[in-house]
Number of protein chains: 2
Amino acid sequence: MEKTRDLGRTRERILGAALREFAAHGLGGARCGEIARRAGVNKRMLFYCFGSKEALYREILSRKFTERANFFEAAPDDLAAAILHWYEAGSSDLEWVRLLEWEALGAAGDKLVGEDARRDYFSRTSARLRRAQARGRIPRDLDLSQLQITMIALTVFPLAFPQMTRLATGLAPTDPRFRRKRQRFLRWPGERLSAAPATGTPSASLSKGEGTVGNRAPRRAARGAVGG
Amino acid sequence: MEKTRDLGRTRERILGAALREFAAHGLGGARCGEIARRAGVNKRMLFYCFGSKEALYREILSRKFTERANFFEAAPDDLAAAILHWYEAGSSDLEWVRLLEWEALGAAGDKLVGEDARRDYFSRTSARLRRAQARGRIPRDLDLSQLQITMIALTVFPLAFPQMTRLATGLAPTDPRFRRKRQRFLRWPGERLSAAPATGTPSASLSKGEGTVGNRAPRRAARGAVGG
DNA sequence: AATACTATTAACCGTATGGTGAATACAAGG
DNA sequence: CCTTGTATTCACCATACGGTTAATAGTATT
């Protein structure tokens, strides 16, 4: 039979509820009482287990962050296919995108959660892209760091701005029909990029895509803080 | 000499301070006391002038919304040039982007501020794009509503996720150097799109770009509310 | 200069919230 | 079965915040 007392389990329940609450309302907007209620746990346990709301938030970010990292590691070589993989990786988890977005709004310039890992990701991806460009698989006149954020933008944006997506397309970004259409659309510039006119290699490939995009720390106590 | 009592002026001062505060912290995170302090005005005046925090927020959104709309109205015909104009329109005002982002996170599905105007914008733009496509100036196999949110994504994303932008490019999205690089980058797919291989017209043009992208109403009292 | 009106201020209130002190109940070890 | 440690609960605090009541001081009008 179930143990009536199991700290590990309550921890997990809290983390689950907190993820939902923080994704929905951000650090400042999330309510400890609500997290406890959702977790079916006494509010006090949050502080017993994690010390403070902010520490709990950091824990959530850190977990989600590493979880997502693995996903990104598995990108295929072909650029067009890689874009689709990134789309999958970047848009299959609404809560993650929302956490990213809260962070983007809340960060004041203080160190991000997992900043090193992120920097790592970007520099690895960058090196890979540079190699591909040197081999002529990406047009020489294309700015690679611009290409990077562009790819993230292409995949993350619809989830990050769902109302706008719905207004433009009539579909929710989570709707399977939307996702199919988006994938079809993304294939277009992908192939175009692959057909690299600069050097003329008809089919392109990137090295394998790894890495992640991430998280960050808290802001000024229980609010939001400026972002720049 | 200056009037010591001027309701119009205090209203403006409040609006100015509120814009900054709401852009920085969102509806839930913004503090009435702080707005008053920044405006150099007694807190009571916020409620005297606007009734409630939320009403003030709506006023801010509505103003910013129509202000931006005018900007978007003036897009040139040529697609490549239009993209640059949209970039300018979409990325020249950080506060606006942040308001959009707060909205995106906060909206629970309730009606957006200026939703009708936005729908208008999207349908007008959509019609224009369809005409251009019919004339063969945009590849026939390109999904136009996907194209629309893509263009917004390309221009808005760097400001919406500044930390990511900085990690990828080493520059802040507001940095003039970044903006130049981004413009140069955006010209690339712009010209590529213009060279419409589907029907073969070498130089493309869109009709004029109008419209706007926008705002929304409040959420559950002084918090954040779910977004989907 | 008295009147009437309204912009402005000071003080205050009720509530919600993050966080805590201390009691309590369960489980394992002896 | 009793003790010991810890997971869980209950009651509570201090504070911050949106909003309001009521008094006050400019200003225009006559």
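So you know, we letter chains A, B, ... as the sequences are listed, proteins then strands, and number each from 1.
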ring-ring contact (aromatic ring centres under 6.0 Å, His included): pairs with one or both residues in residues 152-180 of chain A, sequence neighbours excluded
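Matches after skipping sequence neighbours: Phe157(A)-Phe161(A).
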With no hydrogens and no angle check, is any side-chain donor or acceptor of Thr150(B) less than 3.5 Å from a backbone partner on Gln146(B)?
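Looks like yes, one N/O pair under 3.5 Å.
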Nearest to the side chain of Thr4(B), which nucleotide is it out of dC26(C), dC17(D), dG26(D)?
dG26(D)
Establish, with yes or no, whether the OP1 or OP2 oxygen of dA7(D) is under 4.0 angstrom from a side-chain nitrogen or oxygen of Thr10(A).
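No, outside the criterion.
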To the nearest Å, give me how far apart [atom1] ([X]) and [atom2] ([N]) are.
{"X": "Leu56(B)", "N": "dG19(D)", "atom1": "CG", "atom2": "P", "value": "10 Å"}
{"X": "Asp6(A)", "N": "dA25(C)", "atom1": "CG", "atom2": "C1'", "value": "16 Å"}
{"X": "Glu54(A)", "N": "dG19(C)", "atom1": "CD", "atom2": "C1'", "value": "14 Å"}
{"X": "Ile14(B)", "N": "dG18(D)", "atom1": "CD1", "atom2": "P", "value": "14 Å"}
{"X": "Arg11(B)", "N": "dT8(C)", "atom1": "CZ", "atom2": "P", "value": "12 Å"}
{"X": "His25(B)", "N": "dC17(D)", "atom1": "NE2", "atom2": "C1'", "value": "14 Å"}
{"X": "Arg37(A)", "N": "dT17(C)", "atom1": "CZ", "atom2": "C1'", "value": "16 Å"}
{"X": "Leu7(B)", "N": "dA28(D)", "atom1": "CG", "atom2": "P", "value": "13 Å"}

Tightest non-hydrogen contact, residues Glu101(B) and Ala160(B), listed as OE2-O, 2.7 Å
Is there a donor and acceptor pair, one atom on the side chain of Arg5(B) and one on the base of dA25(D), closer than 3.5 Å?
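Counting by modelled atom types and ignoring angles, a donor-acceptor contact under 3.5 Å is found here.
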Any salt bridge (Lys or Arg N to Asp or Glu O under 4.0 Å) pairs touching residues 82-94 of chain A, not counting sequence neighbours?
Lys64(A)-Asp93(A), Arg68(A)-Asp93(A), Glu88(A)-Arg179(A)
Is a side-chain donor-acceptor pair under 3.5 Å present for Ser126(A) with Arg130(A)?
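Yes, a side-chain donor-acceptor pair sits under 3.5 Å.
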Would you give the length of the straight line joining atom CG of Leu56(A) to atom CZ of Phe50(A), rounded to the nearest 0.5 angstrom?
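Answer rounded to 0.5 Å: 5.5 Å.
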Approximate separation, where rounding is to 0.5 Å, of Leu7(B) CG and Met45(B) CE
5.5 Å
Is there a residue in residues 40-50 of chain B whose heavy atoms reach under 4.0 Å of DNA chain C, and which residues are they?
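Only Asn42(B), Arg44(B), Met45(B), Tyr48(B) qualify.
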